[in-house]
Q: 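I'd like to ask some things about the structure below.
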Amino acid sequence: MQSPLKYALEASNLSKSFQAGGRRIAALKNISFKVRNGMVTGLIGPDAAGKSTLMRLASGLLAPDSGSIEVLGMDATKNSLEVQSAIGYMPQRFGLYEDLTVGENLDLYADLQNVAVRERPSRYEELLAMAGLSPFKHRLAGNLSGGMKQKLGLACALVRQPALLLLDESTVGVDPVSRRELWSIIYRLVREKGASVLLSTAYLDEAERCDEVLLLHEGELLDQGTPASFCEPMRGRVFAMHGPAKRTLQTALAEEPGVIDALIHGDHVRIVMEEGVPAPQDMGAEISPLPPRFEDSFVTMLKKRGGEFHGNANPGKTIPESPLPVIELESLQRRFGGFTAVKNVTFSVSRGEVFGLLGANGAGKSTTFRMLCGLLPPSGGKLRVAGVDLRHAASRARAKIGYMSQKFSLYGNLSVLENLNFFGAAYGLTGKQGANRISWALEEFSLSQIADSVSADLPLGYKQRLALACALMHEPEILFLDEPTSGVDPIARREFWRRINDLASRGVTVMVTTHFMEEAEYCDRLAIMAMGEILTIGTPTEIKAGARSKALPEPSMEDAFIRLIESRGSS
Amino acid sequence: MSMRLNGLIRKEFLQIMRDPSSIAIAFLMPLVLLLLFGYGVSLDSEHIPLGVVVEAPSADSSNFAAAFPESRYFHIVHFQDTHQAVESMMAGRVNAIVVLKQDFPKRSRQPDGAPVQLILNGVDENTARIISGYVDGALQKWLEHDAAMRGDQLHSPIRMAQRVWFNGELRSRNFLVPGLIAVIMTLIGALLTALVMAREWERGTMEALLVTPISMNEVILGKLIPYFILGMGGLALSVAMALWLFEVPLRGSLWVLFAASALFLIAALGMGLLISSVAKSQFVAGQVAIIGTFLPAFILSGFIFDINSMPGFVQAITHVIAARYYVAILQTLFLVGDEWSVILPNAAALVLLAAIFLGITWKKTRKRLG
Amino acid sequence: MWNRIFALMVKEFLALLKDRKGRLVLVVPPLVQLMVFGYAATFDLKNVPYAVYSEDRGYVSRDLLAAFNGSSNFTLIAHPGDEREIAPLVDSRKVLMVMRIGPNFSSDLSSGRASTIQIIVDGRNSNTAMLVVNYAATIVQKFNREWAARHDAAIPVHIETRSWFNPNLESRWFFIPGIVGLLTLLVTILVTALSVAREREQGTFDQLLVTPMSPLEILMGKALPGFLIGILEATLITLAAVFWFEVPLLGSILTLYTGVFLFLLSAVGVGLMISSIAVTQQQGLLGAFFFMVPAIILSGFATPIRNMPTIVQDLTLLNPMRYFLVVLRGVFLQGTPFHLLIPQLWPLAAIGIASLAIAGWLFRNRMY
């Protein structure tokens with residue numbers, strides 16, 4: 001099925017804006033590009049970059065304000081029905097009916113795509129085999145794991161062989177093994193069937209797997225090219241700095257002129273230098289060159305556009321030393337009905353440590369986390385946070401912890417100041433002390449300008465800052481962060497982690513969950529979780545070393561993760 | 001039927017079967033509502049507590065007081081003095097007081113007669129009116145009896161013989177239960193459809209449906225047909241309960257009942273779809289459906305309250321309430337029979353409303369987001 | 001402790017009033033229901049369409065018809081000339097009543113004999129039918145009294161009817177005090193039932209639980225806004241009742257607010273119960289709906305409790321709305337003094353305390 005068309009998708013001067021809360025928000029600002037046929041094109045960008053809007057325009061679900069978009073040679077707006085019978089589309093939440101079985105979902109989409117009944121058995125067999133779902137044909141889609149749902153969603157989108165497959169953030173929160181399988185399916189589709197694929201993702205590391213990349217940021221197309229063309233200008237500008245105290249080293253490097261980016265990465269600090277500037281020699285660190293990554297080029301581009309760090313990492317109070325571990329878990333268990341979400345989890349975290357829990361959605365990390373915060377009673381085992389079980393602790397013990405949940409759970413229709421006021425009072429900060437902390441938060445997080453804005457309307461990066469400000473109002477000794485940076489742009493993520501590092505260096509214990517492999521590198525130690533169990537615990541370097549082999553001398557965190565899951569599956 | 005439509009309908013049925021809340025709204029709700037209303041709401045006033053005060057007992061007064069015997073309708077409470085009776089009425093223990101004053105025996109012999117005071121508690125005005133009617137009737141009977149006894153002149157030259165057609169025993173259940181069917185069908189048609197449509201938006205499955213080469217007509221029909229069938233199932237259950245549990249007579253023919261209900265159901269489904277084209281979350285859709293369809297079906301349909309007695313602007317509003325026409329058909333079919341002069345114009349109104357609702361829905365829902 | 005509860009209350013109010021949906025819940029349903037019940041819910045009959053089939057040509061029948069025509073309750077719309085026309089008129093709902101006067105009507109009366117007129121009533125709505133009969137009987141009796149007076153017949157007894165508390169027997173006076181109760185219940189339950197579910201959906205409830213606030217403080221912080229909003233709602237509807245619908249408020253405000261206060265204990269308690277069970281706002285809404293419908297139907301709001309089967313009557317003893325309606329109608333229309341309402345107030349208090357206790361228990365146990 002080789003199409004004579006050169007481009008699968010052509011957009012010219014495309015603009016689209018939405019009305020939200022009295023304001024008009026431009027989702028796409030006059031962008032033009034072409035997607036070549038027969039290859040995998042990645043649409044890369046953080047949340048609110050305009051990726052989903054673009055996908056919906058391409059599938060005819062939205063009409064552009066101006067400009068045009070042609071899909072497979074047809075106008076996606078005027079001939080949407082024709083376009084829709086030629087494309088496959090997988091929306092963010094996979095578009096599955098959870099109360100239908102795997103087979104019934106396939107039947108529905110086959111009916112909707114007019115797949116002839118006699119062609120179905122062989123097609124289903126092929127798709128289910130490809131997705132590894134053959135044994136689960138009669139299982140309800142709602143009872144599948146995240147990775148399986150994703151593959152079923154893909155199978156439904158492919159039920160009639162599409163000429164163009166659109167995947168909208170299909171890899172969010174899915175474990176790395178499933179992610180890798182998805183990529184191999186996508187490539188088989190492109191290589192064997194000649195289909196074109198346009199997929200959007202917020203994971204910058206996925207860019208390197210695409211044939212070509214469209215980099216989108218705040219509705220603008222920053223650049224288009226092969227992943228290599230993004231990395232090439234960065235060659236010779238990326239270094240690893242090995243030093244004794246990585247946190248202080250990172251802070252010092254970040255202040256150094258000529259340094260674009262300084263980031264903790266396992267046991268070293270990874271820096272990106274401005275063009276022609278050598279790595280700083282006088283930091284007492286051992287310097288070795290590193291190959292550039294896609295993210296380096298993105299951060300450099302954003303910095304050029306004037307993306308600056310906010311706040312000034314104001315020194316706060318230092319938490320006194322303590323000989324005992326701050327967080328302790330001993331064979332912690334949690335069951336929901338017949339299902340065991342957390343099995344025998346044991347670890348401890350000491351003062352000033354940044355400890356990560358890494359795993360896919362449904363791995364049990366959120367459940368573990370909620371038990372630690374006292375939000376969920378354990379079914380078995382022991383746990384201690386700051387020496388007590390928070391579930392039964394007096395409110396004084398809870399005043400020692402700060403908590404920032406997924407999705408930045410603030411009161412969306414309250415203003416920034418009202419949120420701060422409320423959390424201040426909730427933590428018992430009154431009078432002068434309360435006023436001091438609020439002005440601290442407004443200044444430290446550069447929120448003064450937007451103090452009266454409704455927090456739901458804020459850009460994601462601001463919401464994240466506000467959420468952290470609320471969690472830090474009462475200067476907690478322990479900080480719990482549940483997927484704190486998902487979807488924010490790399491600059492906001494760096495800013496966030498700079499604060500966390502600063503807190504950790506003053507003795508605040510930080511516990512963080514993430515499904516970002518990259519974020520795991522920022523932690524002192526981490527535990528990798530899958531199916532409710534801890535697969536391994538160690539420093540990022542130790543964990544990566546465990547996956548080292550002849551074929552893979554420099555394994556990434558993802559390689560290590562996949563190896564752990566596979567070795568567990570085979571044992 | 002196209003393969004696409006077929007697939008959608010099959011999907012909807014599988015979902016209905018696996019989602020207990022749809023079954024609950026379609027079958028459990030009619031059951032609960034019918035039981036609640038069938039037993040809980042009754043306008044048949046019986047055992048109304050009536051206070052009788054005889055200030056000066058005498059042969060005449062006790063003769064008259066006997067006009068108010070203990071009956072199915074009245075529970076008689078005797079009082080010694082008016083003050084006591086009034087206090088009892090204030091506390092809600094009696095609904096009305098009949099007072100025979102001190103001078104009753106004397107004045108009853110005088111030409112202009114003795115006044116008997118009837119003090120009604122007007123708070124519950126419906127009951128008050130009923131009591132007033134009963135007491136008047138009782139007096140009339142007593143007067144005739146008295147006149148006959150004394151061979152006296154005619155006191156009441158005109159007698160009124162009343163004949164109540166269609167519902168001779170005046171059982172309120174006989175009109176409340178058919179009316180309730182309209183409320184239940186509104187709930188199934190409008191609320192359930194609005195909720196399931198909103199659910200597809202909320203769960204992101206609508207988006208996945210819309211990118212397939214399906215037409216909006218197929219999406220609308222794919223919802224209409226399954227919930228139409230479900231609604232007719234709910235109707236069958238309600239009618240069965242009306243006939244066998246509440247013993248409401250069905251004097252018209254069953255096929256007319258089902259045909260008229262089908263028309264109403266299409267109008268109600270149209271309302272549900274219209275709501276869901278505006279409200280894309282289940283929360284908002286639920287509220288709009290309750291305020292916009294359930295409440296009017298209750299109050300403005302003529303199911304309990306007489307439409308002719310409402311103020312003009314409210315009467316005008318009732319013309320766009322589909323339940324109004326359906327209630328008229330239902331009450332006639334159950335209690336009168338296949339009375340075409342009622343059924344046809346009301347059915348025509350239902351057809352018109354259904355066409356309007358579906359037409360607006362069809363116009364409003366385009367295959368686009370945002 | 002009070003600082004934290006106060007902060008939570010302030011937040012609760014801000015969240016409710018700044019949310020468009022929240023404001024809608026507070027404003028639209030009450031307004032719609034006030035209008036609907038205030039204007040549409042009426043048992044009064046006006047302009048009952050009727051027909052007269054008279055075979056009598058005498059003056060007495062003319063006088064009687066004039067009496068009917070003079071009443072605002074009846075509107076003559078047909079004058080069938082044939083007996084066979086009667087049934088179609090009734091069947092097609094063109095008329096609600098047909099009056100039939102026989103050929104000898106006038107001559108019978110003139111010669112001192114009694115005569116009978118026949119009233120045929122459409123019984124499809126039995127309540128309406130009964131009221132039509134009563135209206136007709138009233139006119140006929142008045143005619144009889146006047147006839148007797150003109151012909152010097154002594155009537156030993158006549159009835160002087162006075163309706164206290166509602167002299168014109170207006171339905172509106174009956175329904176509107178009830179609406180004060182209905183809407184206070186509706187708004188309070190919706191506000192409290194949805195507040196926790198909303199926080200659970202948005203994920204802020206976890207954020208709240210990890211603060212040093214105790215469950216009791218959170219419960220108070222959720223209960224008090226519901227309480228205040230309930231009092232506000234009751235006040236607004238009371239004002240509308242008095243100044244817009246001109247329903248008299250005869251009793252003491254203090255007695256009224258004692259009732260409101262005790263009733264709100266139950267309303268808030270039930271709202272919090274739903275709240276602690278419901279995980280989503282959807283479930284909260286459904287729960288509120290399933291509590292409200294029976295609570296209103298079985299309260300005497302529209303039809304007297306006395307008419308219900310005994311078992312159902314016993315069941316209504318658990319319904320706080322039942323007692324509150326008696327208090328409301330008593331205070332509004334009867335000016336009932338406090339001491340006569342004590343039999344209503346103490347069950348209200350008992351149910352309120354019990355429901356709050358259950359809510360507190362559920363809240364503790366279902367918080368996580």
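Proteins come first, then strands; the chains are lettered A, B, ... in the order of their sequence lines, and each starts at number 1.
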Q: Please identify, among C/Val293, C/Leu341, C/Val98, C/Ile117, the residue contributing the most non-hydrogen atom pairs under 4.5 Å to chain B.
A: C/Ile117
Q: Once you round to the nearest 0.5 Å, how far does CG of C/Leu298 lie from CZ of B/Phe37?
A: 9.0 Å
Q: Given a strict heavy-atom distance threshold of 4.5 Å, which part of C/Leu45 is in contact with chain B: side chain, backbone, both, or neither?
A: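 For C/Leu45, heavy atoms of backbone and side chain both lie under 4.5 Å from chain B.
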Q: Counting heavy-atom pairs closer than 4.5 Å to chain C, which one of B/Asn167, B/Ile48, B/Leu118 comes out on top?
A: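 Option with the top pair count is B/Leu118.
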Q: So what's closer than 4.5 Å to chain C heavy atoms on B/Gln331: side chain, backbone, both or neither?
A: both
Q: Can you say whether B/Asn95 sits under 4.5 Å from chain C via the side chain, the backbone, both, or neither, judging by heavy atoms?
A: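 Answer is side chain: those atoms of B/Asn95 sit under 4.5 Å from chain C.
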Q: Return yes if a side-chain donor-acceptor contact under 3.5 Å exists between C/Arg124 and B/Thr332, otherwise no.
A: yes
Q: Using a cut-off of under 4.5 Å for heavy-atom pairs, which of C/Ala137, C/Ser171, C/Ala129 has the most such pairs with chain B?
A: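 With the most close heavy-atom pairs to chain B, the winner is C/Ser171.
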Q: Please identify, among C/Gly300, C/Pro177, C/Pro309, C/Gly284, the residue contributing the most non-hydrogen atom pairs under 4.5 Å to chain B.
A: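 When all of C/Gly300, C/Pro177, C/Pro309, C/Gly284 are compared, C/Pro309 has the most.
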Q: Answer with side chain, backbone, both or neither: which region of B/Val99 has an atom nearer than 4.5 Å to a non-hydrogen atom of chain C?
A: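 Nothing of B/Val99, per the 4.5 Å heavy-atom cut-off to chain C.
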Q: How many angstroms lie between CG in B/Asp124 and CZ in C/Phe43, if you round to the nearest 0.5 Å?
A: 8.5 Å
Q: When rounded to the nearest 0.5 angstrom, what distance separates CZ in C/Phe290 from CG in B/Leu28?
A: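 Reported to 0.5 Å precision, the distance equals 7.0 Å.
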Q: Most heavy-atom pairs under 4.5 angstrom with chain C, which of B/Gly133, B/Ser132, B/Ala114, B/Ser341?
A: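 Highest number of pairs under 4.5 Å: B/Ala114.
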Q: Between B/Met310, B/Gln117, B/Arg171, B/Met90, which residue shows the highest count of heavy-atom pairs closer than 4.5 Å to chain C?
A: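 That would be B/Met90.
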Q: Out of C/Leu340, C/Thr336, C/Thr161, C/Leu333, return the one with the most heavy atom pairs under 4.5 angstrom to chain B.
A: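 Most heavy-atom pairs within the cutoff with chain B belong to C/Thr161.
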Q: Quick check for you: among C/Phe332, C/Trp173, C/Phe289, C/Phe175, which has the greatest number of heavy-atom pairs under 4.5 Å with chain B?
A: C/Phe289
Q: Contact part of C/Ala87 toward chain B, heavy-atom cut-off under 4.5 Å: side chain, backbone, both or neither?
A: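 Contact with chain B is through both the backbone and side chain of C/Ala87.
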Q: Where on B/Trp340 is there a heavy atom nearer than 4.5 Å to chain C: the side chain, the backbone, both, or neither?
A: neither
Q: Side chain from CB out, backbone as N, CA, C, O: work out which of these in C/Ile311 comes under 4.5 Å of a heavy atom of chain B, or both, or neither.
A: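 Looking at C/Ile311, nothing touches chain B.
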Q: Is the backbone of C/Leu169 close enough, under 3.5 Å, to the side chain of B/Arg129 for a donor and an acceptor to pair up by distance?
A: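 Such a contact is found between B/Arg129 side chain and C/Leu169 backbone.
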Q: In terms of heavy-atom pairs under 4.5 Å with chain C, which of B/Val86, B/Thr318, B/Val32, B/Ile343 leads?
A: B/Val86
Q: Would you mind telling me which of B/Ile291, B/Asp136, B/Ile130, B/Val314 has the largest number of heavy-atom pairs within less than 4.5 Å of chain C?
A: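 The residue among B/Ile291, B/Asp136, B/Ile130, B/Val314 with the greatest pair count is B/Asp136.
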Q: Could you tell me which portion of B/Arg173 (side chain, backbone, both or neither) has an atom closer than 4.5 angstrom to a non-hydrogen atom of chain C?
A: neither
Q: So what's closer than 4.5 Å to chain B heavy atoms on C/Phe105: side chain, backbone, both or neither?
A: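 It is the side chain, since no backbone atom gets that close.
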Q: Which bit of C/Gln141 comes within less than 4.5 Å of chain B, counting heavy atoms only: side chain, backbone, both or neither?
A: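 Contact with chain B is through the side chain of C/Gln141 alone.
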Q: Counting heavy-atom pairs closer than 4.5 Å to chain B, which one of C/Glu170, C/Lys46, C/Arg306, C/Arg329 comes out on top?
A: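 Most pairs with chain B among the choices: C/Arg306.
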Q: Would you say the side chain of B/Ile299 lies within less than 4.5 Å of the side chain of C/Gln33, judging by non-hydrogen atoms?
A: no
Q: Tell me, for B/Val41 versus chain C, whether the close heavy atoms (under 4.5 Å) come from the side chain, the backbone, both or neither.
A: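 Contact with chain C involves both backbone and side-chain atoms of B/Val41.
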Q: Out of curiosity, C/Leu315 CG to B/Tyr39 OH, how far, rounded to the nearest 0.5 Å?
A: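 That separation rounds to 14.0 Å.
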Q: Can you tell me how far CZ of B/Arg163 sits from CD of C/Gln118, rounded to the nearest 0.5 angstrom?
A: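 C/Gln118 atom CD to B/Arg163 atom CZ measures 4.5 Å (nearest 0.5 Å).
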Q: Heavy-atom distances under 4.5 Å only: say whether B/Ala96 touches chain C with side chain, backbone, both or neither.
A: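 For B/Ala96, there is no contact with chain C at all, as no heavy atom is under 4.5 Å.
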Q: Using heavy-atom distances under 4.5 Å, tell me whether C/Gln313 contacts chain B through its side chain, its backbone, both, or neither.
A: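 Neither part, no heavy atoms under 4.5 Å.
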Q: Chain C: which of B/Ala128, B/Pro178, B/Ser309, B/Pro345 shares the most heavy-atom pairs with it under 4.5 Å?
A: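 When all of B/Ala128, B/Pro178, B/Ser309, B/Pro345 are compared, B/Ser309 has the most.
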Q: Using non-hydrogen atoms only, which part of B/Leu33 is less than 4.5 Å away from chain C: side chain, backbone, both, or neither?
A: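 For B/Leu33, the side chain is the part near chain C, not the backbone.
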Q: At what distance, to the nearest 0.5 angstrom, does CG of B/Asn308 lie from CZ of C/Arg93?
A: 8.5 Å
Q: Under 3.5 Å, is there a donor on one side chain and an acceptor on the other for C/Asn127 and B/Asn126?
A: yes
Q: What I'd like to find out is whether the side chain of C/Val90 reaches to under 4.5 Å of the side chain of B/Phe166, using heavy atoms alone.
A: yes
Q: Can you see which heavy atom on C/Ala40 is nearest to which on B/Phe305, and at what distance?
A: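 Looks like O-CB, 3.9 Å.
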Q: Heavy-atom distance under 4.5 Å to chain B: side chain of C/Val312, backbone, both or neither?
A: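 C/Val312 touches chain B through side-chain heavy atoms alone.
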Q: Measuring heavy-atom distances to chain C, does B/Phe303 have an atom under 4.5 Å in its side chain, in its backbone, in both, or in neither?
A: backbone
Q: For a quick test of reading the model, state the closest non-hydrogen atom pair linking C/Asn166 to B/Gly122 and the distance between them.
A: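 Looking at all heavy atoms of both residues, the closest pair is ND2-O, 2.8 Å.
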Q: Is it the side chain or the backbone of B/Met89 that comes within 4.5 Å of chain C heavy atoms, both, or neither?
A: both
Q: Go through the atoms of B/Ile119 and report whether side chain, backbone, both or neither lie under 4.5 Å from a heavy atom of chain C.
A: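 Answer is both: backbone and side chain atoms of B/Ile119 are under 4.5 Å from chain C.
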Q: Less than 4.5 Å to any heavy atom of chain C: does that hold for the side chain of B/Ser172, its backbone, both, or neither?
A: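 It is both, since atoms from each part get that close.
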